[in-house]
Amino acid sequence: MSFVDLSPVVTGVGVLTPYGPGVGPLWDGLVAGRATLAPIRSFDASDLAPRNAAEVRTLAPGPDRAGAMLLAAADEARGHAGIDLETVSPERIGVVVGTTLAGMGVFERWLGSSTSPATRWDAAALEPIPYFAPAIRLARHFGSQGPTLTTQLACASGTAAVGVAAGWIRRGRCDVVFAGGTDLLCRYVVAGFNALRATADEAKPFDVARRGLVLGEGAAVLVLEGAAHAAARGGAAIARLTGVGAAGDAVHMTAPDRTGAGAAHAMTVALHRAGRVASDVAFVSAHGTGTPYNDAMEARALETVFGVKGVPVNSIKGAIGHTLGAAGAIEAVLCVEVLRRGIAPPTVGLVDVAPECTTLDLVMDAPRPVRRGPCISTSSGFAGANAAIVLEPA
Amino acid sequence: MTEVVAIRASFAWGGAAGDWPDACPEAVRARAERIDRFGQLALGAVGGVLGTPFEAAPRRDVGIVVGTAFGCIATNAAYQHRLAAHGAGGASPRLFAATVSNAAAGEVGIAYGIGGPTLTVTAGLVSGLAALDVARDELLLGGVPGMVVIALDALGADGERWIAASGWSDSEGSEGALAVALGDVPGGGDVSAWLGGVATGWAEAHEGLYAVAASAAAQSGRALGELRVVTCRPGDETVVGPALGRPVEALAVVGGAVLAARGLAVLLQVVCSSEDAVLVVDRCPSGQVAAAVAWKA
């Protein structure tokens with residue numbers, strides 16, 4: 001009997017971030033410690049306060065921004081994987097996308113147009129609105145016919161998408177899965193986070209002076225395959241996805257459980273499923289939004305799992321903002337790059353570590369070499385959502 | 001080797017805010033009165049399945065998967081209207097916090113003390129069966145022993161207007177929820193059916209429909225020809241029958257289960273009334289397809 005290795009591996013990655021298109025600019029910007037936060041230009045933000053964000057300024061305007069960003073990232077990922085989709089049965093190609101907003105920018109305009117009948121909205125113009133629209137657009141783009149799903153776990157949506165994709169590979173449902181996340185910046189979401197008093201003009205993860213998050217936009221896609229499938233077609237695995245975990249806080253709808261129990265449980269489950277212990281982990285990409293509550297919670301969660309200063313930790317949200325449903329996917333790509341390059345980028349915006357975060361071994365001021373070993377990406381979100389994935393060297 | 005999963009209690013609910021399932025505890029009703037309709041429906045349906053919240057909460061051995069076609073669209077619209085009418089000062093923090101589709105799952109987690117893996121998914125109208133698929137995978141991948149699956153939609157007036165403008169139709173209503181206890185959920189009741197397989201896919205013109213149905217059947221260890229095939233929405237039988245090369249039955253759902261809940265409702269309704277193993281096939285105008293195989297315990 002032949003053995004089929006269904007272990008999920010990553011064979012390609014692609015992003016579109018406020019640094020521009022491509023993993024290269026993302027990595028270069030993060031390593032250089034450059035922040036992309038600036039006053040919003042893409043819509044009228046004159047009555048919004050704060051009004052800084054991290055915008056993607058390299059994408060041509062269009063009606064379906066979330067879908068366009070996703071396709072840009074997916075095309076890079078597919079090219080990076082070197083995969084000829086004509087050689088894969090369409091029903092064996094899956095798509096799973098995490099998003100919190102999808103076409104809410106279009107919905108915002110459509111709702112406003114009800115008093116302006118001169119604007120014509122046909123079915124095609126409304127197509128980008130549903131939450132499942134970006135995933136369908138990606139499936140149509142690649143001609144896939146396998147499972148096509150959208151994960152909605154608030155700011156952990158992207159991490160959840162990668163986790164679902166890993167499950168499809170492990171269960172033999174798909175040979176190839178495009179897994180990622182996308183979210184756009186719009187007035188709707190900036191006003192909402194401002195109303196919650198969760199925002200600031202500068203994101204300073206884990207810093208004593210942190211006041212809130214800064215929103216961003218972007219997309220990321222990872223190509224996941226079974227190890228044997230990748231090897232058989234001559235594809236190169238660049239990382240292995242070995243563990244997935246999730247948990248609900250079940251405490252509050254917007255604030256995290258201050259004990260960090262949910263986030264800690266998600267990481268613990270992911271490690272257990274990876275067959276790893278905490279001391280194996282070489283690097284953690286934290287959620288690190290820069291809000292007082294999240295960062296304090298996360299410090300407790302990480303201490304619970306890894307002990308005091310047990311593992312190098314960073315956050316990239318001071319550099320590219322909080323990209324909501326895309327964040328977990330972008331941070332998964334970051335972990336792949338950390339595995340490949342053996343370096344962790346610094347936490348942009350962090351100058352003076354907050355007392356409640358001093359239990360963390362934070363990568364700050366400069367990039368730091370990290371040993372070759374498992375990486376964890378952890379995400380949390382509204383409604384007590386927590387998700388974590390473990391990525392290991394190929 | 002087939003991998004069957006137990007389907008336990010299920011409950012469909014679309015009642016008015018002041019008219020809760022008998023099993024729904026008073027504390028949950030009080031919480032539900034304060035939240036949006038999307039969350040209310042989820043709490044009511046889960047109340048019909050679980051009744052009393054877990055005491056040693058949050059329980060990490062039970063998870064939640066919500067499948068919703070259109071998520072929190074009604075709450076999104078309510079938030080947007082205030083923002084448009086009053087500018088930035090009109091942005092409601094309370095409404096905004098509910099403009100994530102996983103808000104209903106969060107409310108269920110808090111109200112009933114469930115802290116295991118929690119996910120909300122959408123795959124258009126087939127989201128109920130898609131959620132069943134995700135929950136089944138979690139159980140079979142060695143996650144938690146039990147999952148609560150909720151198929152849920154609440155369109156609201158703007159959502160209904162948008163659906164109509166999009167050329168979609170679901171003539172049986174605009175809101176409702178159905179909850180199911182899958183696997184070993186404490187308090188979830190006796191096994192009522194066995195879930196043998198679930199598969200989902202996407203294909204324009206539905207040429208991938210046969211592959212999805214065949215996958216669900218294969219997971220259950222049964223051939224397509226052995227199964228009673230039932231479709232979920234008006235007119236689907238004219239597409240599914242030719243795609244599978246055999247006659248199929250169209251079912252009119254009793255109880256008005258709509259949108260994401262319909263596929264799951266049809267599955268439960270047919271399975272519990274049939275001596276045969278059943279393959280239910282659900283379709284969405286977006287191209288998404290889902291199929292599930294189950295049989296009565």
TODO: Against chain A, work out which of B:Gly90, B:Gly124, B:Ala84 has the most heavy-atom pairs shorter than 4.5 Å and name it.
DONE: B:Gly124
Open item on the list: What verdict does the salt bridge (charged side-chain N to carboxylate O under 4.0 Å, His left out) test give for B:Glu138 and A:Arg273, after you've listed the backbone C-alpha separation in whole Å, the side-chain angles of each residue and the deciding distance to 0.1 Å?
Closed with: CA-CA 12 Å; B:Glu138 183 67 30; A:Arg273 284 174 152 179; 2.9 Å; yes
Task: Donor-acceptor under 3.5 Å (B:Gln288 side chain, A:Thr148 main chain) - done: yes
Options [options], ranked by heavy-atom pairs under 4.5 Å with chain B, top entry:
options	result
A:Ala139, A:Ala250, A:Gly146	A:Ala250
A:Ala45, A:Ala195, A:Gly192, A:Ala246	A:Gly192
A:Leu101, A:Asn386, A:Leu126	A:Leu126
A:Gly167, A:Gly384, A:Ala191	A:Ala191

Open item on the list: Tell me whether B:Asp133 is salt-bridged to A:Arg173, with the criterion being a basic N under 4.0 Å from an acidic carboxylate O.
Closed with: yes
Roughly how far, to the nearest 0.5 Å, is [atom2] of [Y] from [atom1] of [X]?
X	Y	atom1	atom2	answer
A:Met104	B:Cys72	CE	SG	7.0 Å
B:Asp137	A:Arg171	CG	CZ	4.5 Å
A:Ile93	B:Trp202	CD1	CH2	11.5 Å
A:Phe107	B:Asn76	CZ	CG	6.5 Å
A:Leu111	B:Tyr79	CG	OH	12.5 Å
A:Gln152	B:Thr68	CD	OG1	8.0 Å

- [ ] Start with the C-alpha distance between A:Trp110 and B:Trp162, add both sets of side-chain angles, then the distance that settles side-chain contact (heavy atoms from CB on, under 4.5 Å), and finish with yes or no.
- [x] CA-CA 9 Å; A:Trp110 177 74; B:Trp162 163 50; 3.4 Å; yes
- [ ] With chain A as the partner chain, list the residues of residues 143-150 of chain B whose heavy atoms fall under 4.5 Å from it, by residue number, and write 'none' if nothing qualifies.
- [x] B:Gly143
Task: Residues from residues 56-64 of chain B approaching chain A under 4.5 Å (heavy atoms) - done: B:Pro58, B:Arg60
Open item on the list: Taking atom OH as the centre, does A:Tyr293 end up with more than 12 heavy-atom neighbours from other residues, nucleotides or ligands that are less than 6.0 angstrom away?
Closed with: no
Proximal component of [X], with respect to chain B [non-hydrogen, under 4.5 Å]:
X	answer
A:Thr151	both
A:Glu108	both
A:Val251	backbone
A:Ser144	backbone
A:His272	neither
A:Val95	neither
A:Asp47	both
A:Ala102	neither

- [ ] Could you tell me which portion of B:Thr99 (side chain, backbone, both or neither) has an atom closer than 4.5 angstrom to a non-hydrogen atom of chain A?
- [x] both
Taking all heavy atoms of [X] and all of [Y], pick out the closest pair and write down the distance.
X	Y	answer
A:Tyr131	B:Gly71	CE1-CA, 4.2 Å
B:Ala103	A:Ala383	CA-CB, 4.1 Å
B:Leu119	A:Leu153	CA-CD1, 3.9 Å
A:Ala154	B:Asn102	N-OD1, 3.3 Å

- [ ] Show the numbers, then the answer: is there a side-chain contact (heavy atoms from CB on, under 4.5 Å) between B:Phe96 and A:Val189?
- [x] CA-CA 8 Å; B:Phe96 181 71; A:Val189 71; 3.9 Å; yes
